[in-house]
Number of protein chains: 2
Amino acid sequence: MTATLKDIARLAGVSTATVSKIVNGKDHDIGEKTIEKVKSIIQEQDYRPNSLARSMKTKVTKTIGLIIPDVRNPFFTDLARGAEDSANERGYSLLFCNSDDDLKKEMEYINTLTEKQVDGIALAGSVKRNREIEEKFQVRVPIVTLDRDAYFKGIKGRVLIDNFNGAYDAVKYLIGLGHRRILFLSGRLDIRVSEERLAGYRKALEDSGIGFDGDLVAEGNFNFNFGYDYIMSGSLDGTVTAIFCGNDLIALGAVKALKKLKKKVPEDISIIGFDDIYLASINTPELTTVRQPSYDLGYIAVGRLIDILEGIEHKQNMVEIKLELVVRESTGSLDVTV
Amino acid sequence: MTATLKDIARLAGVSTATVSKIVNGKDHDIGEKTIEKVKSIIQEQDYRPNSLARSMKTKVTKTIGLIIPDVRNPFFTDLARGAEDSANERGYSLLFCNSDDDLKKEMEYINTLTEKQVDGIALAGSVKRNREIEEKFQVRVPIVTLDRDAYFKGIKGRVLIDNFNGAYDAVKYLIGLGHRRILFLSGRLDIRVSEERLAGYRKALEDSGIGFDGDLVAEGNFNFNFGYDYIMSGSLDGTVTAIFCGNDLIALGAVKALKKLKKKVPEDISIIGFDDIYLASINTPELTTVRQPSYDLGYIAVGRLIDILEGIEHKQNMVEIKLELVVRESTGSLDVTV
DNA sequence: TTGTACGCGTTATCAG
DNA sequence: CTGATAACGCGTACAA
């Protein structure tokens, strides 16, 4: 049987109150000798406090939940690591949940986490939301959302990514290289992230006097196959000289298909991705892409959440993270290639 | 204030015992009407049991810890997902810890997890172990180790990967293609995993009457740069026609460097990786590799752990997972290329 | 069929 | 400086 506070108290011939104070470093009003004695018994018995009991009293578990769609999505693996580092540094543990982009599963996790009395939740929500259901759903735990939206009550903060400007910069860059016919291979367009990127794409075109052409936008999924299949299916308009992709996976798929069709990147077609996942710099050619600071996103969001839990004030409950264009090998000037 | 068991009891005009039974489905000896009434009040008050209090009584938290070196290592991201799925399916939550291959951090996590009263721990240990320190370290929680060894007390099960045969099969395959001079670009050789792969490599060579040549083994780290730098530095023996790599990252690095040097894969040199990470099949050429079922590893290990916790018996406390060679584009017959 | 009362391991308040 | 003692929210003998 493992020793409890009470055991230590008995063994030391003092009260549990005294031991508790010593364990928690509130021993300023305790005698030297008592402290000595109790500490040695704690050592000897290898006493470990029971967090459960402590949490029952203090109402604080020093545990937070992290809900993401799927760690295997490279964007979320970095995010998860950032979240864990942030939590760990501040003395919190992280309960790890994969929702598979399923709102139902997400809500079940929120329930479990609530029952386990987490202090807060960092939520990268499923893409498809349902305002009505969510607003009805009782959430008693502070939530900070990451990147994606949610309509739950109890959302105390949001950490967003400036997708609009990220896309804008990428497309502007392409235009600066001389490209005029720029295809946008987007992920699902019914989610905010895609909408924002589309808006950035459009604005960049319009600001440059090129004008928006709806035929140059194709919608698909955020995966390798979409990029690959789109190109292989021959849907590619012959006038297109550059492709802006909804993420790196799509871009990688497109590059691969282009290679198969003996088209050269960037000589024949320039490609730009989004995310800067690990593969992006390993691929040949190395991918030009809009870098998402996903580690930072996780780190910052959990940091924010803990700030809220600990009553640290911020002027804004929303923080927006800027994106950075990383120029590598998959983009080239049009003039040179003509 | 959120409603407690006691509140429900008061509101329903019954005792807490009654409510408790109903909440836990042990209502076989409770009157129909009482059940109805209590349930409706539970609904109305949106009552949620407090897991902490429950766990204090039952001594069970339905929570387990997962300790891995780093989720960002592709091998562990899949493993983590498998572990979480397994836990979730069986009603457990997962506390997520990244040890950065640091034994000290690993032990701190074990302590925290113990204080939080996890029911068990799934541990993919740091590579460098210290038998003396570990054996002295008191662990009160059941542990199942994944792939890597550990000397802690309290290890109740092991899930291993059959690295020896994985390597053996890969090298045999290369030999079957006509290769005789096969370089092994290994990760750190002071860990069991590498030792086993080296042993498999050696055995395959010897079984084929080729004999082992120590000059054809190079030690480095398990990352992209090792493969890349090794090739770029000109260390490659001109007689080598195939390379067996300690993991896919090394292989990808080698492929990239070879391309840069205008060598063709597989025409000039065949390459085989280890792991089958996502990039392996996206890369051009697609990588031939030994597939590690890392998702399964996590899934099985956590399943085993829970079996142990719930008293489900197994004949063996150790399970070994077989590996499978996935042949793709980075390997070719020597005859054809000559 | 239902209720009483105690214990789980802590922390915190308030006397002494 | 130190010690009783009452919570915290729940489960479970045992009693009624």
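Atoms considered below: every heavy atom in the structure, side chains included; atoms not considered: hydrogens, waters and symmetry mates. Lettering follows sequence order; numbering is per chain, from 1. Just so you know, these numbers come straight off a predicted model, no measurement behind them.
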Notebook entry, point to check: At their closest point, which heavy atom of B:Tyr299 faces which heavy atom of B:Ser86, and how far apart are they?
Noted result: O-OG, 3.1 Å
Checklist line | Under 4.0 angstrom between B:Lys26 side-chain N/O and D:dT12 OP1 or OP2 | finding: yes
Check: Is there a donor-acceptor pair closer than 3.5 Å between any side-chain N or O of A:Arg148 and the backbone N or O of A:Gly125?
Finding: yes
Next item on the list: Could you tell me which non-hydrogen atom of B:Thr61 sits nearest to which non-hydrogen atom of B:Gln117, and how far apart they are?
Entry: OG1-O, 2.9 Å
Next item on the list: Using atom CE of B:Met56 as one end and atom P of D:dG9 as the other, report the distance to the nearest whole Å.
Entry: 13 Å
Next item on the list: Report yes if a side-chain nitrogen or oxygen of A:Thr18 is closer than 4.0 Å to either non-bridging phosphate oxygen (OP1 or OP2) of D:dT2; otherwise report no.
Entry: no
Note to self: Can you tell me if B:Ser20 touches the phosphate of D:dG11, counting only side-chain N or O atoms and a distance under 4.0 Å to OP1 or OP2?
What the structure shows: yes
Next item on the list: Indicate, yes or no, whether a donor-acceptor pair under 3.5 Å links the base of D:dA7 to the side chain of A:Lys57.
Entry: yes
Notebook entry, point to check: So what does B:Lys33 touch, heavy atoms closer than 4.0 Å: a base, only the sugar-phosphate, or nothing?
Noted result: nothing
Checklist line | Between B:Asn130 and B:Tyr151: side-chain donor-acceptor atoms closer than 3.5 Å | finding: no
Next item on the list: Would you kindly give the CG-to-C1' distance between B:Leu11 and D:dG9, to the nearest whole Å?
Entry: 16 Å
Note to self: Looking at every heavy atom in both B:Ile68 and B:Ala80, which two are closest together, and how far apart are they?
What the structure shows: CD1-CB, 4.4 Å
Margin query: If the cut-off is 4.0 Å, is A:Thr34 near the phosphate of D:dT2, judged by side-chain N/O to OP1 or OP2?
Written below: yes
Notebook entry, point to check: Starting at the 5' end of DNA chain C and moving along, which residue's nearest nucleotide shows up first, B:Ala17 or B:His28?
Noted result: B:His28
Next item on the list: On the 0 to 90° scale, with breaks at 30° and 60°, tag the A:Phe137-A:Phe152 ring pair as parallel, tilted or perpendicular.
Entry: tilted
Notebook entry, point to check: Any side-chain N or O of B:Thr4 under 4.0 Å from OP1/OP2 of D:dG9?
Noted result: no
Check: Within the structure shown, what part of the strands sits under 4.0 Å from B:Val14 by heavy-atom distance: base, sugar-phosphate, or nothing?
Finding: sugar-phosphate
Next item on the list: Have a look at B:Asn50 and say if it touches a base, only the backbone sugar-phosphate, or nothing, with a 4.0 Å heavy-atom cut-off.
Entry: sugar-phosphate
Item checked: Exceeds 12 heavy-atom contacts within 6.0 angstrom, atom NZ of A:Lys26 -> no
Margin query: Let me check the geometry of the helix from C:dT1-D:dA16 to C:dG16-D:dC1. What is the bend angle between the axes at its two ends, five pairs each, to 10°?
Written below: 50°
Check: Looking for any heavy atom pair under 4.0 Å, which part of the strands does B:Leu5 touch: base, sugar-phosphate only, or nothing?
Finding: sugar-phosphate
Notebook entry, point to check: Which of these nucleotides, D:dG9, C:dT10, C:dT4, is closest to any side-chain atom of A:Pro49?
Noted result: C:dT10
